[in-house]
**Student:** 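One structure follows; several queries about it will come next.
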There are 2 protein chains.
Amino acid sequence: MAASPHPKKDLPQLAPRPVPGRRVRAGRVERNAEQSKSRILEAALEIFAAGGFGGARVDEIALKAGVSKNLIYHYFGNKESLYVAVLEKSLNALAEYHDSLPVHFDDPEEAMRQIIRNTFDYFVATPKIISLMNTENLLRAKYIKSSDLIRSIYKPIMERFHRIIEFGSQKSVFRSDIDEVDLYISISALSYFYLSNQWTLSHIFKRNLGDAPFLAQRKEHIVAMVMSYLKP
Amino acid sequence: MAASPHPKKDLPQLAPRPVPGRRVRAGRVERNAEQSKSRILEAALEIFAAGGFGGARVDEIALKAGVSKNLIYHYFGNKESLYVAVLEKSLNALAEYHDSLPVHFDDPEEAMRQIIRNTFDYFVATPKIISLMNTENLLRAKYIKSSDLIRSIYKPIMERFHRIIEFGSQKSVFRSDIDEVDLYISISALSYFYLSNQWTLSHIFKRNLGDAPFLAQRKEHIVAMVMSYLKP
DNA sequence: ATCGATTTATTGACTAGTTAGTCTATAACG
DNA sequence: CGTTATAGACTAACTAGTCAATAAATCGAT
């Protein structure tokens with residue numbers, strides 16, 4: 001705080017300071033609450049994904065969404081709640097995607113290949129969810145921990161996964177000592193890390209890992225690695 | 001550290017605002033440039049790892065390092081350069097670690113197991129480098145790209161890796177169609193992702209993945225998966 | 001239908017608190 | 001004595017969040 005020790009009373013209005021109560025409005029403003037909310041969430045996803053929670057600026061989100069910053073506070077209260085809303089929307093999209101997939105319960109090997117390829121494809125299609133997850137892990141799952149959403153999303157996924165492994169073991173096309181959690185983490189890891197760290201890896205290996213041929217090669221490499229592990 | 005050992009000039013004691021040019025110093029200040037720099041780097045590593053580049057506060061780094069903020073600017077110029085210095089120090093530590101490891105060139109399978117376990121162990125031992133890499137990838141390798149350090153570090157690592165794979169293929173203990181980059185990324189992925197995302201994963205699977213027994217199990221799971229893939 | 005009252009979507013202006021970075025002084029050390 | 005390691009005070013710009021105004025939509029009663 002600099003000079004003025006006094007609370008400003010009546011300041012001499014040398015500059016054309018707008019008088020409260022006589023504001024100028026830009027003209028007719030369409031009102032569409034749902035669309036505004038959704039535009040805010042979309043912009044917020046982008047900004048949070050690009051700079052993490054700490055690097056995101058609410059002003060920037062407002063700008064990108066094409067709404068005033070106030071509207072964000074009107075709908076979401078504060079930055080943290082906005083972040084949580086973005087996270088939950090992304091997780092719900094993930095759940096929807098996995099629900100929409102057909103599962104080959106009669107053929108465990110084919111089912112497993114499908115799961116692997118779908119996991120890879122989804123991460124490729126939604127890179128922002130990767131950034132969000134990274135941000136969330138940087139904060140040690142601070143926000144995810146306080147919600148049961150992610151568990152409820154993974155429950156059916158893991159149940160299907162369990163049935164496939166069980167059937168495959170019964171049929172002796174899979175080994176019998178599988179830890180399902182470890183295996184699921186590995187399937188995710190092989191896709192996620194490649195994409196999440198593609199920027200540093202591309203520089204190190206002088207390959208643009210995001211190029212379609214490398215993506216295709218990678219996907220089949222993952223399938224091969226996991227399937228070779230599963231063999232009894 | 002209360003009383004100044006030096007002759008004070010007349011300070012106007014009623015006005016608590018210090019007059020420029022007649023500052024009060026806390027007392028004798030030890031000078032140790034190297035130690036100060038190193039304390040700054042250590043504190044910066046911690047703060048950058050905890051909140052990412054955007055979430056880190058230079059004031060907080062100064063506080064944690066026990067130096068004035070000015071000293072940081074004196075030695076490192078600005079926040080970005082400090083971040084780059086932290087990154088380079090971490091990469092150098094990684095290189096040193098890998099240089100220090102013995103390699104079993106005569107036994108490719110054992111050499112590969114060693115590489116896998118060492119990779120895992122190093123990530124476990126230095127969680128902050130994982131956060132740094134995540135931050136760097138969030139920024140699309142902005143800083144790493146402008147330095148050749150990381151490539152020069154990975155060059156000998158990949159050369160050793162190549163020799164092992166080549167020898168293993170010759171001896172027919174490894175398959176012959178290995179893409180070394182893909183394989184290296186997979187080995188890293190299986191360790192890195194488990195640790196990097198342990199906070200969300202631990203919550204999803206209701207297991208504390210950081211606990212020693214799970215870490216040990218994970219390491220051997222990775223060894224098993226990679227080795228089964230390598231079999232011809 | 002229509003008109004006034006109420007609700008609510010939306011914004012401009014503002015503020016208190018931060019934050020990266022600077023200016024200047026000082027003292028330790030060779 | 002000159003160099004430099006170190007810190008205190010300061011600032012301009014930024015940033016999350018607030019206040020108060022305004023107008024579009026909605027609803028209830030004519």
Side-chain angles (χ1 to χ4, degrees), chain A residues 1-4 7-8 11 13 15-40 44 47-48 51-83, chain B residues 1 4-9 11 15-40 44 47-48 51-83:
Chain A
M1 283 295 211
S4 165
K8 40 143 196 228
L11 289 173
Q13 299 292 325
R17 191 161 173 263
V19 183
R22 287 284 172 271
R23 300 248 182 85
V24 184
R25 260 297 152 71
R28 185 185 165 80
V29 179
E30 293 287 338
R31 289 163 57 125
N32 188 334
E34 284 315 307
Q35 184 187 272
S36 293
K37 272 191 228 177
S38 138
R39 287 170 64 93
I40 290 169
I47 302 294
F48 280 129
F53 183 81
R57 301 290 155 240
V58 178
D59 286 281
E60 213 181 333
I61 294 170
L63 186 72
K64 175 147 256 156
V67 301
S68 75
K69 185 164 59 157
N70 280 18
L71 206 58
I72 294 177
Y73 286 96
H74 180 64
Y75 285 125
F76 298 98
N78 57 41
K79 192 182 173 184
E80 289 201 357
S81 304
L82 175 61
Y83 173 77
Chain B
M1 284 225 209
S4 167
H6 285 283
K8 303 178 169 172
K9 308 263 166 88
L11 282 174
R17 190 162 176 270
V19 181
R22 291 286 172 270
R23 298 245 184 85
V24 183
R25 262 296 154 70
R28 184 183 166 81
V29 178
E30 293 288 339
R31 287 163 58 125
N32 187 335
E34 284 315 308
Q35 185 188 268
S36 293
K37 273 191 229 178
S38 137
R39 287 170 63 93
I40 290 169
I47 302 293
F48 280 128
F53 183 80
R57 301 291 154 236
V58 178
D59 286 280
E60 211 182 335
I61 294 169
L63 186 73
K64 175 147 256 158
V67 303
S68 74
K69 185 164 58 158
N70 280 16
L71 207 59
I72 294 177
Y73 286 95
H74 180 65
Y75 285 125
F76 298 97
N78 57 40
K79 191 183 172 183
E80 289 200 357
S81 304
L82 174 61
Y83 172 76

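If you're wondering where the values come from, they're calculated on a predicted model, not measured in any experiment. Reckoned from all heavy atoms, side chains included, excluding hydrogens, waters and symmetry mates. The chains referred to below are lettered A, B, ... by the order of the sequence lines, with proteins before strands, and numbering in each begins at 1.
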**Student:** Atom NZ of K79(B) and atom C1' of dA13(D): how far apart are they, to the nearest Å?
**Tutor:** 14 Å
**Student:** Compare side-chain N and O positions of Y75(A) against OP1 and OP2 of dT10(C) and report whether any pair is under 4.0 Å apart.
**Tutor:** yes
**Student:** Nearest 0.5 Å, what's the NZ-CD1 distance between K64(B) and I40(B)?
**Tutor:** 14.5 Å
**Student:** Identify which nucleotide among dA20(C), dA5(D), dT10(C) has an atom closest to any side-chain atom of A33(B), counting heavy atoms from C-beta outward.
**Tutor:** dA5(D)
**Student:** Looking at R57(B), does any N or O in its side chain come under 4.0 Å of the phosphate oxygens OP1/OP2 on dT18(C)?
**Tutor:**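 False: R57(B) side-chain N/O out of range (4.0 Å or more) of dT18(C) OP1/OP2.
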**Student:** Ignoring hydrogens and angles, answer whether the base of dA16(D) and the side-chain atoms of K69(A) contain a donor-acceptor pair closer than 3.5 Å.
**Tutor:** yes
**Student:** With a cut-off of 3.5 Å and sequence neighbours excluded, list every side-chain donor-acceptor pair involving residues 75-82 of chain A.
**Tutor:**
{"from": "N78(A)", "atom 1": "OD1", "to": "E80(A)", "atom 2": "N", "distance (Å)": "3.2"}
{"from": "N78(A)", "atom 1": "OD1", "to": "S81(A)", "atom 2": "N", "distance (Å)": "2.8"}
{"from": "N78(A)", "atom 1": "OD1", "to": "S81(A)", "atom 2": "OG", "distance (Å)": "2.9"}
{"from": "K79(A)", "atom 1": "NZ", "to": "F53(A)", "atom 2": "O", "distance (Å)": "3.0"}
{"from": "K79(A)", "atom 1": "NZ", "to": "A56(A)", "atom 2": "O", "distance (Å)": "2.9"}
{"from": "E80(A)", "atom 1": "OE2", "to": "Y143(A)", "atom 2": "OH", "distance (Å)": "3.1"}

**Student:** Expressed as a whole number of angstroms, how long is the span from I40(B):CD1 to dG21(C):P?
**Tutor:**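 In whole Å, dG21(C) P and I40(B) CD1 are 14 Å from each other.
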**Student:** Write down the distance between CD (E34(B)) and C1' (dT4(D)), rounded to a whole number of angstrom.
**Tutor:** 13 Å
**Student:** Out of curiosity, K37(B) NZ to H74(B) NE2, how far, rounded to the nearest 0.5 Å?
**Tutor:** 8.5 Å
**Student:** Send over the distance from I61(B) CD1 to dG21(C) C1', rounded to a whole Å.
**Tutor:**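 About 14 Å, once rounded to whole Å.
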**Student:** Taking atom CD1 of I47(A) and atom CG of L63(A), what is their separation to the nearest 0.5 Å?
**Tutor:** 8.5 Å
**Student:** Taking atom P of dT15(D) as reference, at what distance in whole Å does atom OH of Y73(A) sit?
**Tutor:**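 Going from Y73(A) (OH) to dT15(D) (P), I get 11 Å.
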**Student:** Any pair with a residue in residues 51-62 of chain A that passes salt bridge (charged side-chain N to carboxylate O under 4.0 Å, His left out), sequence neighbours left out, goes on the list, sorted by first then second residue, please.
**Tutor:**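 As it turns out, the salt bridge (charged side-chain N to carboxylate O under 4.0 Å, His left out) pairs with a partner in residues 51-62 of chain A, which skip direct neighbours, are D59(A)-K69(A).
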**Student:** Taking the nucleotide of DNA chain D with the closest heavy atom to each, which residue, G66(B) or G77(A), is nearer the 5' end?
**Tutor:** G66(B)
**Student:** Rounded to the nearest angstrom, tell me the gap between atom OH in Y83(A) and atom P in dG17(D).
**Tutor:** 15 Å
**Student:** Output the rounded distance in Å from NE2 (H74(B)) to P (dA5(D)).
**Tutor:**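 Nearest whole value for this atom pair: 5 Å.
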**Student:** So A56(B), base contact, sugar-phosphate only, or nothing? Heavy-atom distance under 4.0 Å.
**Tutor:** sugar-phosphate
**Student:** In whole angstrom, what separates R39(A)'s CZ from dT10(C)'s P?
**Tutor:**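 Answer to the nearest Å: 10 Å.
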